[in-house]
Amino acid sequence: MGLFDKKNCDICGEKIGLLGNRKLDDGNLCKNCASKLSPWFEERRHSTVEDIKRQLEYREKNKNAVRSFSITREFSADRYHVFIDDNKGLFAVAFNMSEQDNPDIVPLSAITSCRLDIDEQRVEEEYKDQDGKSRSYVPPRYNYSYDYKIKLGVNTPWFDDMDFKLNTFSVKDHERAKMMNYEQLASQIITALTGAPAPAPVYSNGMMNQGYPQQGNMMNQGYPQQGGMMNQGYPQQGGMMNQGYPQQGGMMNQGYPQQGNMMNQGYPQQGNMMNQGYPQQGGMMNQGYPQQGNMMNQNAPQHGTMMNQNAPQQTSGDTWVCACGATNTGAFCEYCGSPKP
């Protein structure tokens, strides 16, 4: 037989068109018979003719299950719907609950796993220089987008997963309301299918993120983080650079309380610090408020080893400080002539 000779379908016996053949492990399948298989079925090329015949028998019986399916709960994503029949303990994931679409009716007890997978993509921002050439920002800037997929594992004779996307178009990093809606919908679906609280979403690409909670070495501009991070908005722990909220560890901050080696221009600090505004403890340089320890201050009273150009000071030994500010050792001030008090 020639390469382009027409073949017969080993299921229905009809002639198969030029581009209509679907190869099986030991035969051929026409396009019409292939369309009747479960949409979740992925092992067609490794299936035998007998496997396909048994599945098509199951699919015909499944139509009866669709007709008797009573929807008690429904969760609608952009394209897919999750239908649940609480009375019979069944569910389906499909575009429509109709005999024509014939969605697979699966027992809730067949679910083996269910979680939200977030696929994150990033595209670097560039600018045009004076010569019209594209240049990267320093540090680099990125635009992020996200896709939300439910990873649903099941134990059935014909397929072992029913993964489906919640969104049709990727969600941009500035579309916070959409992000929250998809996460909330995913949480509702997972809880409804498993009866347990939804686990934390999984980021499939493990990349830098500007929107969601993260752990590890990350760059984020929006939500809580742990580990080595750069953030411009919310609480952090670890080696960080922040311009707004409380921090712990080696940090640079311009606004709120800190602990450790820090540079701050506004609020109380502890440790080795440089501050221009508020009380401090330890080795410090300050130009405004009371201090303790080894300090240099030009305004307010100090304790310890200090240099001050404003308030009277008392020294140890035979020296004394006149009201004019001069330090003397004799009975009279060497500058104004006032007697020792």
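At least one side-chain heavy atom of Ile190 sits under 4.5 Å from a side-chain heavy atom of Pro199. The side-chain heavy atoms of Val154 and Asp161, taken from C-beta on, include no pair separated by under 4.5 Å. Leu24 has its side chain out of reach of Arg45: every pair of non-hydrogen atoms, C-beta onward, lies at least 4.5 Å apart. Taking 4.5 Å as the limit, every side-chain heavy atom of Lys53 sits out of range of all side-chain heavy atoms of Asp10.
Shown here is Asn155, whose CG atom has no more than 12 heavy atoms of other residues, nucleotides or ligands within 6.0 Å.
Taking the centre and axis of the six-membered ring of Tyr127, the NZ or CZ atom of Arg135 falls outside the cone set by 45° and 6.0 Å.
A continuous path of hydrophobic side-chain contacts links Trp158 to Val93 [ILVMFWY only; heavy atoms under 4.5 Å]. Residues Leu56 and Phe159 do not share a hydrophobic cluster, defined by chaining ILVMFWY side chains whose heavy atoms lie under 4.5 Å apart.
Of the possible donor and acceptor atoms, one in the side chain of Asn167 sits under 3.5 Å from a partner among the backbone N and O of Phe169. Side chain of Thr319 to backbone of Thr327: no donor-acceptor contact under 3.5 angstrom is found. With Thr191 contributing its side chain and Gln188 its backbone, the two residues share no donor-acceptor pair below 3.5 Å. Checked by atom type and distance alone, the side chain of Arg44 pairs as donor or acceptor with a backbone atom of Lys23 at under 3.5 Å. Judged by distance alone, the side chain of Glu60 and the main-chain N or O of Glu57 form no donor-acceptor pair under 3.5 Å. Side-chain atoms of Asn181 come within 3.5 Å of backbone N or O of Ala177 as a donor-acceptor pair. Lys178 contributes no side-chain N or O that, together with a main-chain N or O of Lys172, makes up a donor-acceptor pair within less than 3.5 Å. A donor-acceptor pair under 3.5 Å links the side-chain atoms of Thr112 to the main chain of Gly153, judged by distance alone. Formation of a donor-acceptor pair under 3.5 Å by the Asn328 side chain with backbone atoms of Gly330 is not found in this model.
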Derivation of the side chain to side chain contact (heavy atoms under 4.5 Å, CB included) call for Leu193 and Val82: CA-CA 9 Å; Leu193 292 177; Val82 177; 4.0 Å; yes
Side chain to side chain contact (heavy atoms under 4.5 Å, CB included) evaluation trace for Ile11 with Val49: CA-CA 7 Å; Ile11 304 300; Val49 172; 3.8 Å; yes
Evaluation steps, ring pair (Phe, Tyr, Trp, His ring centres under 6.0 Å), between Phe83 and Phe69: CA-CA 9 Å; Phe83 303 99; Phe69 192 94; 7.1 Å; no
Steps toward side chain to side chain contact (heavy atoms under 4.5 Å, CB included) verdict (Ile118, Val202): CA-CA 6 Å; Ile118 301 177; Val202 175; over 6 Å; no
Criterion side chain to side chain contact (heavy atoms under 4.5 Å, CB included) on Phe75 and Leu185, from CA distance to verdict: CA-CA 8 Å; Phe75 301 91; Leu185 175 60; 4.2 Å; yes
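With rounding to the nearest 0.5 Å, the separation of CG in Asp85 from OG in Ser70 is 5.0 Å. Expressed to the nearest 0.5 Å, how far CE of Met179 lies from NE2 of His174 amounts to 8.5 Å. Rounding to the nearest 0.5 Å places CG of Asp25 at 11.0 Å from CD of Glu43. In this structure, the separation between CE on Met97 and NE2 on His81 is 11.0 Å, given to the nearest 0.5 Å. Distance check: Leu90 CG to Ile84 CD1 gives 10.5 Å after rounding to the nearest 0.5 Å. Distance check: Tyr146 OH to Gln121 CD gives 9.5 Å after rounding to the nearest 0.5 Å.
Put simply, the residue from Ile105, Leu152, Ile189 that forms a side chain to side chain contact (heavy atoms under 4.5 Å, CB included) with Phe91 is Leu152.
Here Asp117 does not pair with Lys149 in a salt bridge; the nearest charged N to carboxylate O distance is not below 4.0 Å. Classification of Asp104 and Arg59 as a salt-bridged pair holds, one side-chain N sitting under 4.0 Å from a carboxylate O.
Of all heavy-atom pairs spanning Pro201 and Glu183, the tightest one is CG-OE2, 4.4 Å. Taking all atoms of both residues into account, the shortest heavy-atom contact from Arg54 to Asp51 is NH2-OD1, 3.1 Å. For the pair Ala77 and Leu166, the tightest heavy-atom approach, listed with the atom from each and the gap, is CB-O, 3.4 Å. When all heavy atoms are compared, the tightest approach of Ser38 to Gln55 is N-OE1, 3.1 Å. Here the closest heavy-atom approach between residue Pro103 and residue Val66 is recorded as O-CG2, 3.6 Å. Closest approach of Cys114 to Ile150, counting heavy atoms only: SG-CG2, 4.0 Å.
Using modelled atom types and a 3.5 Å distance limit, the side chains of Glu120 and Ser204 yield no donor-acceptor pair.
Counting only residues at least two apart or in different chains, salt bridge (Lys or Arg N to Asp or Glu O under 4.0 Å) contacts with residues 162-171 comprise Asp147-Lys165, Lys151-Asp163.
For Phe95 and Tyr80, the ring centers are positioned less than 6.0 Å apart.
For Tyr182, the ring-ring contact (aromatic ring centres under 6.0 Å, His included) partners two or more places apart in sequence, or in a different chain, are Tyr148.
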Would you list the atom pairs, donor with acceptor, under 3.5 Å between side chains in residues 27-37 and any protein atom, with sequence neighbours excluded?
residue: Asn28; atom: OD1; partner: Asn21; partner atom: ND2; Å: 3.0
residue: Ser35; atom: OG; partner: Asn32; partner atom: O; Å: 2.6

